[in-house]
Colleague: 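So that we are looking at the same thing, I have put the structure below in structure tokens.
Computed from a predicted model, the values in this text were never measured in an experiment. Note that ligands are numbered from 1 as they come in the structure, with each ligand's atoms numbered from 1 the same way.
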Amino acid sequence: MRLRNVTGSREVIAACDYVIHEPRDCKGKWHEVFGNDSPIRIEIGMGKGHFIIELAKQNPDINYIGIEKYSSVLIRGIQKLETEPLPNLYFIRMEAEEITSVFAKGEVERIYLNFSDPWPKDRHAKRRLPSREFLHRYDEILIPDGVIEFKTDNHDLFQFALEELEPAGWEIVQMTEDLHHNAQMMKGNVMTEYEERFSSKGNPIYKYVIVR
Ligand code: SAH
């Protein structure tokens, strides 16, 4: 990583080779960016990136992109990659509402949403990442049999997410209200930072896997 002599996270990110700085220019060209035809999986709201970095390490034949809104959070992911760069992982700092400007139709094979912000006020429902508004955006960028995996410890957010499925044209493939006690769905589970924090407090973790 090339670093200029600056301290702000925006500047550190601007100098980082693992961050795609003009993601709109990559729309329809992500396979060229990675230099291969492997499937592309993205995490929206990756936080400090523990989950997606671990997946990228475990699955060198899959390409990963971590998306995060805040520089101050993304920087922690970059710092982790500094010690161990991964050719199949890039980060983007962006607002997820812009997702269809960054990925073309059918360019993404799978989307991960982990411990998304709950936005508890009704008038903010559209901002929730599993809302129907977002499901329509995901519909635009996913391959026909593309999958969304969503985990949270927030009961109300999970209930909301379930209610959004039918109106948006999605259906459940797998679902649990206690992931950590569901042997089948725990197979290969990679814990996120929030998942470690909340499950260690004894909170059950909700998860669904959905398709159209
Ligand atoms: N996935 C991580 C972090 C969860 S916290 C984990 O499970 O540990 C939710 C993260 O999503 C925060 O870092 C927040 O900044 C980011 N986020 C929330 N809404 C977003 C949006 N609309 N676009 C991009 N990132 C978003």
Colleague: Answer yes if the ring centres of Tyr208 and Phe150 are under 6.0 angstrom apart, and no otherwise.
Modeller: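 Aromatic pair counts; centres sit under 6.0 Å.
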
Colleague: Charged N to carboxylate O below 4.0 Å: is that the case for Lys57 and Glu84?
Modeller: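 Glu84 and Lys57: salt-bridged.
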
Colleague: Applying ring-ring contact (aromatic ring centres under 6.0 Å, His included), name anything that partners His155, two or more places apart in sequence or on another chain.
Modeller: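 For His155, the residues satisfying ring-ring contact (aromatic ring centres under 6.0 Å, His included) (neighbours in sequence not counted) are Tyr206.
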
Colleague: Name the closest protein heavy atom to atom 9 (C) of ligand 1, giving the residue it belongs to and the distance to 0.1 Å.
Modeller: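 So the nearest neighbour among protein heavy atoms is Asp117 OD1, 3.4 Å.
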
Colleague: Under 3.5 Å, is there a donor-acceptor pair between the Gln58 and Glu54 side chains?
Modeller: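 Judged by distance alone, the side chains do pair up.
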
Colleague: Evaluate Gly45 for polar contact with ligand 1, using N/O atom pairs at a separation under 3.5 Å.
Modeller: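 Between Gly45 and ligand 1 (N or O atoms, distance only) the closest approach is under 3.5 Å.
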
Colleague: So which protein heavy atom does atom 7 (O) of ligand 1 come closest to, and at what separation?
Modeller: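 The closest heavy atom on the protein side is Thr192 OG1, 2.8 Å.
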
Colleague: Please state which protein non-hydrogen atom is closest to atom 22 (N) of ligand 1 and give its distance, to 0.1 Å?
Modeller: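 Closest protein heavy atom to atom 22 (N) of ligand 1: Glu95 OE2, 2.9 Å.
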
Colleague: When you measure from atom 23 (N) of ligand 1 to every protein heavy atom, which one gives the shortest distance, and what is it?
Modeller: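 Result for atom 23 (N) of ligand 1: Ala96 N, 2.9 Å.
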
Colleague: Below 4.0 Å from any atom of ligand 1, is there a heavy atom belonging to Glu43?
Modeller: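 Contact check Glu43 vs ligand 1: positive.
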
Colleague: Numbering the atoms of ligand 1 from 1, which are under 4.0 Å from a heavy atom of Asn114?
Modeller: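 Per the distance check, 1 (N), 2 (C), 4 (C), 7 (O).
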
Colleague: Any idea which of Glu193, Arg93, Lys69, Glu68 brings a heavy atom closest to atom 16 (C) of ligand 1?
Modeller: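 The residue whose heavy atom sits nearest atom 16 (C) of ligand 1 is Glu68.
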
Colleague: Check for me whether Met94 has a heavy atom closer than 4.0 Å to any atom of ligand 1.
Modeller: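 Right, Met94 reaches ligand 1.
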
Colleague: Do Asn189 and Glu195 have side-chain atoms, one donor and one acceptor, less than 3.5 Å apart?
Modeller: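 On atom types as modelled, these side chains qualify, holding a pair under 3.5 Å.
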
Colleague: With a cutoff of under 4.5 Å between side-chain heavy atoms, which Ile, Leu, Val, Met, Phe, Trp and Tyr residues group with Val173?
Modeller: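 The other cluster members (ILVMFWY side chains, heavy atoms under 4.5 Å, direct or chained) are Phe115, Val147, Leu179, Met185, Met186, Tyr194, Phe198, Ile205, Val209, Val211.
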
Colleague: With a 4.5 Å cut-off on side-chain heavy atoms, are Glu43 and Tyr64 touching?
Modeller: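 No; the side chains remain at least 4.5 Å from each other.
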
Colleague: Can you report which non-hydrogen protein atom sits closest to atom 8 (O) of ligand 1, along with the distance?
Modeller: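 Result for atom 8 (O) of ligand 1: Tyr194 N, 2.9 Å.
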
Colleague: Under 4.0 Å from ligand 1, counting heavy atoms only, is it the side chain of Phe115, its backbone, both or neither?
Modeller: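 Both of them.
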
Colleague: For the pair Arg128 and Asp117, find out whether any cationic side-chain nitrogen is under 4.0 Å from an anionic carboxylate oxygen.
Modeller: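 No, no charged N to carboxylate O under 4.0 Å.
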
Colleague: Which atoms of ligand 1 have any heavy atom of Tyr70 under 4.0 Å away?
Modeller: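 What qualifies from ligand 1 is 15 (O).
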
Colleague: Report, in ascending order of atom number, the atoms of ligand 1 lying under 4.0 Å from any heavy atom of Gly47.
Modeller: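 Atoms satisfying the 4.0 Å criterion: 3 (C), 13 (O).
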
